[in-house]
Each structure stands twice: as structure tokens, then as C-alpha cells.
Amino acid sequence: MNEMNCDLAAVLLDEYRIQTRVREIGSQITSEYRDTVPVLIGIMKGGFIFLADLCRSITIPLEIDFLAISSYGAEASSSGVVKIRKDIDVDITGRHVIVVEDIVDSGLSLQYIKDYLGKHSPASLKVCVLLDKPAAHKLEVGFDFVGFEIGNEFVVGYGLDFNSQYRNLPYIGILKEEIYT
Ligand code: PRP
């Protein structure tokens with residue numbers, strides 16, 4: 001029994017559903033990128049667990065890098081201002097890049113990431129997101145692989161945090177309202 005369970009109103013996606021879907025996306029990427037060596041760029045911090053599972057379900061050679069970003073609080077998030085806390089190390093010019101992100105909420109972070117990485121002239125730039133929250137979109141940013149479409153609940157686990165905690169839950173749960181209000 002996980003000690004963090006008592007903070008959850010419900011489990012939204014259990015380990016089996018997540019792992020099954022991650023393997024499906026991994027197979028899809030394996031087929032699409034055969035004969036290339038793509039660069040997977042995990043968006044920190046939330047994307048680290050998804051990236052770790054996804055890369056192990058892809059069976060072609062690939063490289064991994066990380067981009068860490070953070071938005072400037074509520075006001076900045078609505079203006080789409082994002083700060084880069086850790087830049088990529090790999091030169092992605094002419095490379096096939098796949099961004100690996102845990103969740104698309106407003107879409108502002110992803111828009112920024114796509115614009116930023118696009119300036120490095122990759123051969124291609126695709127985006128893989130585990131969770132999409134359409135009801136929260138402030139802009140419609142295209143992405144290419146998606147795990148699950150979810151409602152507007154406050155979700156934690158499998159990389160996603162509240163107040164820097166819950167990232168280590170091996171499944172995705174809906175946080176009790178009393179915890180975050
Ligand atoms: C979360 C998440 C996405 C972003 C999505 O990151 O990992 O990067 O928010 O929100 P948006 O679509 O409204 O821009 P967060 O800033 O919480 O940082 P973290 O990944 O370090 O938890």
C-alpha cells in the first residue's frame with residue numbers, strides 16, 4: 001500500500017494501463033524512426049519517468065538529452081514566459097528530434113519548447129506527450145504521439161508533482177481537493 005494513496009481522490013491511470021500505452025507508443029516510434037537515430041529530449045522535471053519507460057520500449061538506437069524549463073508563476077504562465085534552467089547538450093541541427101513531455105495543460109510550455117528547439121534547425125521535430133488536458137488549453141499546439149486524453153482534474157504521479165511531491169507514485173492519481181486548496 002502506497003503511503004501517498006490517502007492524498008488521492010482516485011487512481012486515474014493504473015500502472016498496467018500506463019505501461020501498456022507506453023509500449024504501444026514505443027513500437028510506433030520504433031517503426032516510424034527505423035534507419036534513423038532520433039534524439040529524445042525529455043522535459044524536466046515532469047517528463048523523467050515517462051522518458052525512462054518510453055526509451056526502453058523503443059528498440060532502435062537513439063540518443064537522450066534533457067531540457068529543463070520553468071514558468072514564472074501564474075501570471076507568467078498566462079503570458080507564456082518560460083525560463084530555460086538546463087539547456088540541451090546535443091547539437092540537434094539536422095537530427096530527428098522527439099520531445100517527451102508529461103502533460104499539456106495550457107499548451108504554453110510546449111509552444112515555447114517547439115519554437116525554441118525549432119530554431120536549432122532539426123531535420124524533424126515531433127512531440128510525444130503522455131497526458132493531454134484539452135479543457136485547459138489556452139492555445140492549440142500540435143503534437144504527434146499522445147498517451148491519454150484526460151479531464152480537468154489535478155493529477156499527480158508518474159513524474160507529475162504537487163508542491164514537488166508525488167512524482168514517485170508509479171501510477172497517476174487525482175489529488176484530493178483539500179490537499180491543493
Ligand atoms: C508542467 C509540465 C509541463 C507544463 C505543462 O511543468 O511538466 O511542462 O507544466 O503546462 P502548460 O501546458 O500549462 O504549459 P512544471 O512547470 O509544473 O514543471 P515540472 O515539470 O518541473 O513539474
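In each ligand, atom 1 is the first atom listed, and ligand 1 is the first ligand listed.
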Student: Side chain or backbone of Ile103 under 4.0 Å from ligand 1, or both, or neither, by non-hydrogen atoms?
Tutor: both
Student: Rounded to the nearest 0.5 Å, how far apart are CD1 of Ile60 and OG1 of Thr36?
Tutor: 5.0 Å
Student: Between ligand 1 and Lys138, can you find any atom pair, the residue atom being a heavy atom, that is separated by under 4.0 Å?
Tutor: no
Student: Between the side chain of Arg95 and the main-chain N/O of Asp91, is any donor-acceptor distance below 3.5 Å?
Tutor: no
Student: Below a 4.0 angstrom heavy-atom separation, can you tell me which part of Lys133, side chain or backbone, both or neither, approaches ligand 1?
Tutor: neither
Student: Can you say whether the rings of His120 and Tyr116 are parallel (under 30°), tilted (30 to 60°) or perpendicular (over 60°)?
Tutor: perpendicular
Student: In a table with atom names and distances, give each donor-acceptor pair under 3.5 Å that connects a side chain of residues 124-132 to protein atoms at least two apart or in another chain.
Tutor:
unit_1: Ser124; atom_1: OG; unit_2: His96; atom_2: ND1; d: 2.7
unit_1: Lys126; atom_1: NZ; unit_2: Glu32; atom_2: OE1; d: 3.2
unit_1: Asp132; atom_1: OD1; unit_2: His137; atom_2: NE2; d: 2.7

Student: Ligand 1 and Lys45, any nitrogen or oxygen pair closer than 3.5 angstrom?
Tutor: yes
Student: Nearest non-hydrogen atom to atom 10 (O) of ligand 1 belongs to which of Val129, Ile113, Asp105?
Tutor: Asp105
Student: Below 4.0 Å from ligand 1: does a non-hydrogen atom of Leu110 turn up there or not?
Tutor: no
Student: Check ligand 1 against Arg167 and write out every atom of the ligand that is under 4.0 Å from a heavy-atom position of the residue.
Tutor: 19 (P), 21 (O), 22 (O)
Student: Could you tell me whether Asp161 and Arg167 make a salt bridge, using a distance below 4.0 angstrom between a side-chain N and a carboxylate O?
Tutor: yes
Student: Short list, please: which atoms of ligand 1 are under 4.0 Å from a heavy atom of Asp161?
Tutor: 22 (O)
Student: In terms of side-chain geometry, is the basic nitrogen of Asp65 or Lys86 positioned less than 4.0 Å from the acidic oxygen of its partner?
Tutor: yes
Student: As a check for students: among Gly47, Gly46, Ser106, identify the option with a heavy atom nearest to atom 11 (P) of ligand 1.
Tutor: Ser106
Student: Got more than 12 heavy atoms from elsewhere within 6.0 Å of NZ, Lys45?
Tutor: no
Student: Which atoms of ligand 1 sit under 4.0 Å from any heavy atom of Glu101?
Tutor: 3 (C), 7 (O), 8 (O)
Student: Side chains of residues 147-157: which donor-acceptor partners sit under 3.5 Å, not counting sequence neighbours?
Tutor:
unit_1: Glu153; atom_1: OE1; unit_2: Gly151; atom_2: N; d: 3.3

Student: Nearest non-hydrogen contact with atom 14 (O) of ligand 1 belongs to which option: Ser109, Ser164, Gly107?
Tutor: Ser109
